[in-house]
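Note that the structure is predicted; figures quoted are calculated from it, not measured. All chains are named by letter (A, B, ...) in the order of the sequence lines, taking the proteins before the strands, and each is independently numbered beginning at 1. Excluded from the calculations below are hydrogen atoms, water molecules and symmetry mates; all remaining heavy atoms, backbone and side chain alike, are included.
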Number of protein chains: 2
Amino acid sequence: MSYLDQITSPTLLLDEKICRSNLQKMADKAKRHGMNLVPHFKTAQSHIVGEWAKEYGIKEITVSSIKMAEYFCGQGWENIHIAFPFNPLETKKLNELAKNQSISVQLINEAVTEKLTNELEHPVGFFIEIDAGYGRTGVEVTDFGLIEAILRKAKKSKNLSFKGFYLHPGHTYYIENKKKIYEESIAALRMLKNKYRTEYPNLVTRVGDTPGCSVIDDFGDVDEMGPGNFVFYDMMQVNLGSCSMEDVAVALAVPVVDIKKDRKEILVHGGGVHLSKDVHQEPDGSKNFGEVVYLNENGWEIPIQRSFLKSISQEHGIINASDELLTKVKIGDLLGILPVHSCMTADCMGGYLSMNGEKIDHAESVTGK
Amino acid sequence: MSYLDQITSPTLLLDEKICRSNLQKMADKAKRHGMNLVPHFKTAQSHIVGEWAKEYGIKEITVSSIKMAEYFCGQGWENIHIAFPFNPLETKKLNELAKNQSISVQLINEAVTEKLTNELEHPVGFFIEIDAGYGRTGVEVTDFGLIEAILRKAKKSKNLSFKGFYLHPGHTYYIENKKKIYEESIAALRMLKNKYRTEYPNLVTRVGDTPGCSVIDDFGDVDEMGPGNFVFYDMMQVNLGSCSMEDVAVALAVPVVDIKKDRKEILVHGGGVHLSKDVHQEPDGSKNFGEVVYLNENGWEIPIQRSFLKSISQEHGIINASDELLTKVKIGDLLGILPVHSCMTADCMGGYLSMNGEKIDHAESVTGK
């Protein structure tokens, strides 16, 4: 029986072969550059995908909330890093977690450092997050006053230990010149390493974002890379040039519920609650919420003539259909949609179906939000 | 102990008082117009909110998927209508559901009507969905050929019974002149009722969308209204003029993790996985992902000086902060965010916390997606 026979409603498919190939390629790349790969598991949020990752030598992971860290606790990870400015309201939960699991957090201000200094009951590592131009979070790269204030406060705690500097150059998502961003990021991390390594000889530097880690081939002396999305990739990454459509490891299977040939429209059950509302723009300015692929017993194939989701609402999706698709499709068929942003789609769906019909876990299916 | 004391991570608050007032107002309006209110529960997706609704005379509800219908089954609803073009892959599930629950579905083509005619094992009602200008789904209002083909096919089934015409004028969400849309919608439904009521004397007409049902005061001879979002409202509806900010019944509580006074920015734990990525545009073209409110022991208050979420990623939110807010706020505080699109936020969060600290159910917390 094909995995397709068990699908009657929107279902997120995960192609293990493609996912493993993505893991393998990034692990090889890290190795080639002498770097430690610490993938960000906010994308897959899955124990099973975690087990696959271990086969490529991955020993530590990153997550983006304490809840996600809780999910991965006890799964044999040498360390789980929470790459989000630590939320001081969760200090008690951190103490619980750090009892039995090596954990590190991210610090960017004195207030939270002080709270942890006073209240931590178990050893916890920390990175200082550095902002070298992205502008979302982190200590500005030249704000040595703040860096040193954090280090000073942390030194008072026997439980807090400084691991190094973390830099997420997220502007690779919207600025063309990724090489320049990486030159700046590498230079910033090198400068900080040189400045602080006498005092902290074991400090490491980490850089991480999928567009950069996918295409850059000079990481200077940065020690670790922490991309997340690469395990699945998605249409946003295809459009950024990080990967090809063949590298996208997840597709949302959607049932066809109506066809309007005259308008070249296909109505599917598949909307914002399944895919999320992430969108990219076609060259002509129209919106694209995901690319159509044809499902078969082994996974999916990429059509010669493109079709894509041109609009979605909560549960509805309307496909702008090619002539090729209109010839093949009938009501009651299933189509595949390669998502614009796979991290969000996976979080919406809270679980996957493999090509051999097995369920693959996702944190959301167990813990709720 | 205040409900606030139990919050350490992003949490969706539901103010019962505001929600009940929204239910009361819409129930009163329906009554005033001699209409039956059949709210769309894709917004709340909650048994508890369903119980509140019953107190205002609501006896039937609408949902948007068979999975959601399953959630509301056995809760004493006189009928559950699935307002989505029926997905033929779910015929078996429909048969299961219709054993013990009065159900109606939506039909817009012959293929699915034929399938149900052949395979239905229990009585199920159906509406024909009409498209009178929105362009998302439905039979075009003048396509009598298709309407009659559906009716003819359905007549062959002893289990399928025609209930009437359903019209969702969703273009009220982006076209200013809602009065004109309603005049056209009412005229379309009246024409269809007149044309088919000799053959189907009990047929009803239903119109439903929150912007229209909130502001229109002439529903002609339409029998039923089916708005959904009004139970909670949200910033999109405030901006459409459907309600005031005081009518928004849900707010996402988010922890403050960093403050950058010089940039007037506050970093919170609250992003796309909590709020969804729905966005509206400020008059100056900048993006707004939700409006800041100040939380207190009884709920929240609307600030004099506005602050709003100017950007979000998967878990991060950055607030464009007013001077007033910057004076009050400190790291570790909780702020409230009135969402842009409450249906999507509720679906992301899968549950609510009431002002007396009690958990309120949501379908997603139980069934997964």
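A distance of 3.5 Å separates CG in Asp258(A) from CD1 in Ile108(B), rounded to the nearest 0.5 Å. Lys277(A) NZ to Leu275(B) CG: the interatomic distance, rounded to the nearest 0.5 Å, is 12.5 Å. With rounding to the nearest 0.5 Å, the separation of CD in Glu364(A) from SG in Cys348(B) is 9.0 Å. To the nearest 0.5 Å, the span separating OH on Tyr134(B) from OG on Ser313(A) amounts to 5.0 Å.
Heavy-atom distances place the backbone of Val268(A), and not its side chain, under 4.5 Å from chain B. Neither the backbone nor the side chain of Gln106(B) comes within contact range of chain A; no heavy atom of the residue lies under 4.5 Å from a heavy atom of that chain. Proximity to chain B is limited to the side chain of Leu334(A), based on heavy atoms less than 4.5 angstrom apart. Residue Arg136(A) touches chain B through both its backbone and its side chain, counting heavy-atom pairs closer than 4.5 Å. Neither the backbone nor the side chain of Lys92(A) comes within less than 4.5 Å of any heavy atom in chain B. Residue Glu110(A): no heavy atom, backbone or side chain, is found under 4.5 Å from chain B.
A pairwise comparison of heavy atoms in Cys343(B) and Gln314(A) identifies CB-OE1, 3.3 Å as the closest pair. The minimum heavy-atom distance between Leu89(A) and Gly332(B), with the atom names listed, is CD2-O, 3.3 Å. Listed here is the closest heavy atom pair of Pro88(B) and Ile331(A): CG-CG2, 4.0 Å. Minimum interatomic distance between Glu90(A) and Thr8(B) (heavy atoms only, all atoms of both residues): CG-O, 3.4 Å.
More than 12 heavy atoms of other residues, nucleotides or ligands sit less than 6.0 Å from atom NZ of Lys310(A).
Proximity of a side-chain donor or acceptor of Glu315(B) to a complementary backbone N or O of Ser65(A) within less than 3.5 Å is not detected. When atom types are taken as modelled, the side chain of Asn109(A) and the backbone of Val257(B) share a donor-acceptor pair closer than 3.5 angstrom.
With chain A as the partner, the residue from Ser276(B), Gly135(B), Gly170(B), Gly351(B) showing the most heavy-atom pairs under 4.5 Å is Gly135(B). Top candidate by heavy-atom pairs under 4.5 Å with chain B, chosen from Glu265(A), His341(A), Arg263(A), is Arg263(A). Ranked by non-hydrogen atom pairs under 4.5 Å with chain B, the options Val112(A), Ile259(A), Thr137(A) are led by Thr137(A).
Lys67(B) and Ser9(A) are not linked by any side-chain donor-acceptor pair at a separation below 3.5 angstrom, with hydrogens and angles left out of the test.
Look at Lys260(A) and Asp143(B) and you find no salt bridge, because none of the NZ, NE, NH1 or NH2 atoms lies under 4.0 Å from a carboxylate O.
The ring-ring contact (aromatic ring centres under 6.0 Å, His included) check on Phe84(A) picks up His269(B), His316(B), with sequence neighbours excluded.
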